[in-house]
Amino acid sequence: MEKAATTFFSLALVLMLMHCFVALAGGAANYTSSDESALLAFKTHITYDPNHILATNWSTNTSFCNWVGVSCRHRGQNRVTSLDLSHMDLKGSIPPQIGNLSFLTYFNISYNHFNGHLPAELGQLRQLKVFDLYINDFSGEIPSSIFNVSAIQWIDVGNNSLSGSLPDYLCSHLPKLTVLWLHFNEFSGDIPSHLGECRELQKLSLYGNKFTGFIPREIGNLTQLKRLVLGGNNLQGMKV
Ligand SMILES: *[C@@H]1O[C@H](CO)[C@@H](O)[C@H](O)[C@H]1NC(C)=O
Ligand SMILES: *[C@@H]1O[C@H](CO)[C@@H](O)[C@H](O)[C@H]1NC(C)=O
Ligand SMILES: *[C@@H]1O[C@H](CO)[C@@H](O)[C@H](O)[C@H]1NC(C)=O
Ligand SMILES: *[C@@H]1O[C@H](CO)[C@@H](O)[C@H](O)[C@H]1NC(C)=O
Ligand SMILES: *[C@@H]1O[C@H](CO)[C@@H](O)[C@H](O)[C@H]1NC(C)=O
Ligand SMILES: *[C@@H]1O[C@H](CO)[C@@H](O)[C@H](O)[C@H]1NC(C)=O
Ligand SMILES: *[C@@H]1O[C@H](CO)[C@@H](O)[C@H](O)[C@H]1NC(C)=O
Ligand SMILES: *[C@@H]1O[C@H](CO)[C@@H](O)[C@H](O)[C@H]1NC(C)=O
């Protein structure tokens, strides 16, 4: 009698564990396919890949964690943490699915020919620390959602064709920002007056844009600042 009960409970336990395992496996498949499909969407938005790097290497035959330029976190589900496609001579645009790479901390596509507008979904990348688009052909505005990613430390969009004005609250949610390179674009309007709230800012370049108005006094609050480049604009000096 007692033995039968024990057997019954053991069986129940095994079934329960199996159920858990199936649930976990299902979850894993889901997360994996979400990151994989985001990368595949990225691949389909590449219009020129002269060395066939992504065309041959980003194959579903192997885990996306082995794809060139992709690094993953292997704890728990495999999630993309880094995407480095710098210096690959690529043309294309960034699809909105990029926002699904929710563990992405490092995004570097510098020295390419990416174009089009930046998707607002970039603002969903809550863990993003590095955002490097230096030397590409992006146009339109920087989606303001990016200035809500409070983990961000490094923004380099230098040498693109980005335009529009920067939001006044630019620094209100970016306490960790250390580098802000905006040089050689077509940004206009005033320099955001709340710049002083980027307490950790060390390097700031607005060179070669169409900024107008006064240089905000709050720049003097940036005690970590080592490099400040404001030339090549239509600025009027310091307001007194
Ligand atoms: C997988 O993702 C879909 C769509 O996001 C969702 O509806 C479904 O509940 C998920 N399944 C599991 C097991 O998490
Ligand atoms: C893709 O590139 C990575 C890194 O260079 C390499 O380890 C891997 O074997 C390549 N995979 C394919 C399918 O070519
Ligand atoms: C992927 O698998 C298919 C079918 O097995 C094969 O034809 C193809 O060459 C493989 N591609 C790579 C990059 O290994
Ligand atoms: C990924 O992103 C796209 C576009 O932002 C969205 O429609 C889709 O539901 C997202 N989720 C998955 C699992 O692909
Ligand atoms: C991005 O990639 C370029 C080229 O490989 C490199 O020089 C640069 O330091 C990288 N940016 C960051 C912020 O790591
Ligand atoms: C930024 O975050 C604030 C507070 O969470 C929210 O009210 C606002 O809509 C967000 N802005 C954008 C552009 O995502
Ligand atoms: C950046 O843009 C400026 C102005 O268009 C140009 O003079 C400079 O050569 C560019 N730098 C690089 C490295 O492409
Ligand atoms: C920031 O700068 C402004 C204007 O120079 C000044 O009034 C204010 O006290 C400063 N704030 C801090 C926290 O240093």
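Whatever order the structure lists them in is the order used to number ligands and atoms, beginning at 1. In this chain, numbering begins with 1 at the start of the sequence shown.
At most 12 non-hydrogen atoms from other residues, nucleotides or ligands lie less than 6.0 angstrom from NZ of Lys176.
The list of ring-ring contact (aromatic ring centres under 6.0 Å, His included) pairs with a residue in residues 84-111, not counting sequence neighbours, reads His87-Tyr111, Tyr111-Tyr134.
Using modelled atom types, one finds no donor on one side chain facing an acceptor on the other under 3.5 Å when comparing Thr178 with Gln153. At a cut-off of 3.5 Å, with distance as the only test, no side-chain donor of Ser161 or Asp137 sits close to an acceptor on the other residue.
In this structure, Leu195 and Leu222 approach most closely via the heavy-atom pair O-CD2, 3.5 Å.
Considering backbone and side-chain N/O of Ser59, none are found under 3.5 Å from N/O of ligand 2. The shortest N/O to N/O separation between Asn100 and ligand 4 falls below 3.5 Å.
Under a hydrophobic-cluster definition in which Ile, Leu, Val, Met, Phe, Trp and Tyr are linked whenever side-chain heavy atoms come within less than 4.5 Å, directly or via other members, Leu228 and Leu180 are assigned to the same cluster.
Interface atoms of ligand 4 facing Ser34, defined by a heavy-atom separation under 4.0 Å, are 13 (C).
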List, one per line, each side-chain donor-acceptor pair under 3.5 Å for residues 119-128, sequence neighbours excluded.
| from | atom 1 | to | atom 2 | distance (Å) |
| --- | --- | --- | --- | --- |
| Arg126 | NH1 | Gly123 | O | 2.7 |
| Arg126 | NH2 | Asn148 | O | 2.8 |

Could you go through ligand 5 and note, for every N or O atom, any protein N or O atom closer than 3.5 angstrom, writing the atom names and distance to 0.1 Å, or 'none'?
| from | atom 1 | to | atom 2 | distance (Å) |
| --- | --- | --- | --- | --- |
| ligand 5 | 2 (O) | Ser86 | OG | 3.4 |
| ligand 5 | 2 (O) | Asn108 | OD1 | 3.4 |
| ligand 5 | 2 (O) | Asn108 | ND2 | 2.3 |
| ligand 5 | 2 (O) | Ser110 | OG | 3.4 |
| ligand 5 | 5 (O) | Ser86 | OG | 3.0 |
| ligand 5 | 11 (N) | Asn108 | ND2 | 3.0 |
| ligand 5 | 11 (N) | Asp132 | OD2 | 2.8 |
| ligand 5 | 14 (O) | Tyr106 | OH | 2.8 |

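With a 4.0 Å cut-off on non-hydrogen atoms, Asn66 touches ligand 2 through its backbone and not its side chain.
Looking at residues two or more places apart in sequence or on another chain, you find no ring pair (Phe, Tyr, Trp, His ring centres under 6.0 Å) involving His45.
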